[in-house]
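Structure first, then comments.
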Amino acid sequence: MGSKQLERSDLGALFRELAAEGRTIVGPTVRDGAIVYDEIATDNDLPIGWIDEQSAGSYRLVRSGRDGCFDFVVGPHSWKRFLHPPQVRLWSARREGQRLAIEEAGHESPRYAFIGVRGCELEAIARQDRIFLEGEYVDATYRGNRQDSFLVAVNCGRAGGSCFCVSMGTGPRAGAGYDLALTEVIDEQRHYFLIEAGSESGRALIDRLPVREAGAVELAAASARIEATEASMGRSMETDGLRELLQARATSAQWDEIAKRCLTCANCTMVCPTCFCTTVEDVTDLTGDHAERWRSWDSCFTMDFSWIHGGSVRPSASARYRHWMTHKLSSWIDQFGTSGCVGCGRCITWCPVGIDITEEVRIMREAADREHAAEEGVQ
Amino acid sequence: MRKKRRPKLAVWKFSSCDGCQLSLLDCEDELLTLAGEIEIANFPEASRAVVRGPYDLSLVEGSITTEHDAARIREVRRLSKRLVTIGACATTGGIQALRNFGDVRQLIPLVYARPEYIRTLDRSTPIADHVTVDFELQGCPIDKRQLLEVITAFLHGRKPRISAASVCIECKRRGNVCVTVAHGTPCLGPLVHAGCGAICPSYNRGCYGCFGPMESPNPSSLSDHWLREGMNPDEVTRAFRGFTANAEPFRRESERHERKE
């Protein structure tokens, strides 16, 4: 099946069809001065006419001057909020005489439809799939939320100030893993979407939408928009040899320089779409007859995260930042076969003091190059 | 079931507004259960009936601002097997510690008609400056769920589940939009101890730092960022001169930006 085109005025049909499948539709919408992901009902809930201006430590919504539905990039939320929720009750227990009665939490997993998943986010979901669904231990909560999810991707028509998906090979065109992919095109005459299926359920859904075949003109317009995005990335990161570079620079003075600015507040890990760490805590009521076990998003930037008998393994900010960045860009590759970074830029934008991972990599490289040159000079 | 002796609880007040100890009475749904598990032996806000010490658990509210306070806290410590301080006053010196940045003798006539009646120390200090404290529960006021957690942990002989990480973690778990990054609102959240559930940012306001410093605060980084964003040094000083102004990292930071006369 070739690509189709869907008129902007018919976008509501996509929402109606997904709702008719009994799906909980989650997508971008404006709230509190940002574009967040939340349950939405119709295309009117989309951030129509809004774009986000992003830089290190700053995010502002501004009017775009046209009525695009997806002209913004990524915001403070990611899909992990829904697939890997911030707080989950794992089980509870009651004391019954001399024994404990354990009750499983029994999660209600919605049949999600995610609208507006970007290329970097599809890759982030794939990386969390690898962690939670593959290997010996499968995470039941994640599986429940993920297994019947329907992903409507959007090819980015604009690059944000913190975006570097091109460097990480994750965008701006959606790669594998979507059910449907949209490219929004607005020209003088028309406002429409190029729509492509990436799965059987995506194909089945397209058949129920008022679409027409896309012609050479529409295909060219959509490609041109994605190529323009590709050419205007806000940031870049040289990934060649990055794994080895960071491994070799564990004692670099740069970590202490970063620590002067790092707040160890954990915002970068909370907004990162691949960061997956949690803490598990037991709570009891006053009587001790009822207990619950809760799992919550945690961060390698807290002291508790690496607390073992006698104290925290990483008490300094430099050790914590180094751990996070080295895991994300280097040891993640050893562990899971890919980088842990998808180039979405959230950690840059949402750092309250604007620490920029791409800039820190660049400084690391320059220091390594200088040292290398000095060694060559000595020889 | 074996009948166990209920541990004896005492609540003590020093220089404070009573808000934190009232959090105990705010535990309306849990209050009867609490009274079943622990003997409320000394709690003047709730009852004039006082059971003599020693006490298994003392909750101490307020800071030390008089010589009498300084002597009395030692007596409270002597009577208490476990001593837990509650609130910004008891853990940092409270809002009344603003006197620490000036000369209290110049302040007294501004407040009291008969200054000669006032006998006070020149500084307001946290309880831990005077006696050994077993656990500090931060907040202005404290969070009643956290208070229940501390008491519950005490009853069951386990560590209280109180995170010392930043408010940002609570904010992000709630799904709030960051008021600093998205609105340019100064917010102390990245420096401040979690526990309130990120109340102020949830209503689009910056964190005021009621819960005091988090486990590894970096105030100079945040205030340098504020200065770059156009805040003036007086505003930076004032941002740190709140309910927990005397907490060491905040005190040092406010003094760093204070204009020298």
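Residue numbers begin at 1 in each chain, while the letters A, B, ... track the order of the sequences. The structure displayed is predicted, hence computed values, not measured ones.
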Heavy-atom pair with the smallest gap, counting every atom of [X] and [Y]:
X      : Y      : value
A/F301 : B/E215 : O-OE2, 4.4 Å
B/A165 : A/T302 : CB-CG2, 3.7 Å
B/V181 : A/P352 : CG2-CA, 4.2 Å
A/K260 : B/S221 : O-CB, 3.4 Å
B/N218 : A/C262 : ND2-O, 2.8 Å

Sort [X] into side chain, backbone, both or neither according to what part of it lies under 4.5 angstrom from a heavy atom of chain B.
X      : answer
A/V36  : side chain
A/T269 : neither
A/D282 : backbone

Of the backbone (N, CA, C, O) and the side chain (C-beta and beyond), which part of [X] lies under 4.5 Å from a heavy atom of chain A, both, or neither?
X      : result
B/L191 : side chain
B/R174 : backbone
B/E37  : side chain

Working to the nearest 0.5 Å, report the span between [atom1] of [X] and [atom2] of [Y].
X      : Y      : atom1 : atom2 : value
A/N267 : B/C178 : CG    : SG    : 6.0 Å
A/L286 : B/L32  : CG    : CG    : 11.5 Å
A/C272 : B/K172 : SG    : NZ    : 13.0 Å
B/L148 : A/D285 : CG    : CG    : 10.0 Å
B/T180 : A/W350 : OG1   : CH2   : 10.5 Å

Main-chain N/O of A/Q87 paired to B/R173 side chain as donor or acceptor, under 3.5 Å: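 Checking the backbone N and O of A/Q87 against the side chain of B/R173, no donor-acceptor pair under 3.5 Å is found.
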Short side-chain to backbone donor-acceptor contact, A/T264 and B/S216, under 3.5 Å: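 Looks like yes, one N/O pair under 3.5 Å.
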Heavy-atom pairs under 4.5 Å with chain B - which of [options] has more of them than the others?
options                      : value
A/A317, A/G33, A/G57, A/A34  : A/G57
A/P76, A/P85, A/S296, A/G354 : A/S296
A/Y59, A/Y37, A/F305         : A/Y59
A/Q54, A/R31, A/R261, A/R81  : A/R81

Residue selection (most heavy-atom pairs with chain A, distance under 4.5 Å) from [options]:
options                : value
B/E229, B/E30, B/R158  : B/R158
B/S166, B/A182, B/S220 : B/A182
B/L222, B/L155, B/V192 : B/L222
B/A194, B/C168, B/P217 : B/C168

Residue among B/E149, B/H156, B/R161 satisfying side-chain contact (heavy atoms from CB on, under 4.5 Å) with A/T284: B/H156
B/F250 atom CZ, neighbour heavy-atom count above 12 within 6.0 Å: yes
Between A/D32 and B/N176: side-chain donor-acceptor atoms closer than 3.5 Å: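 No.
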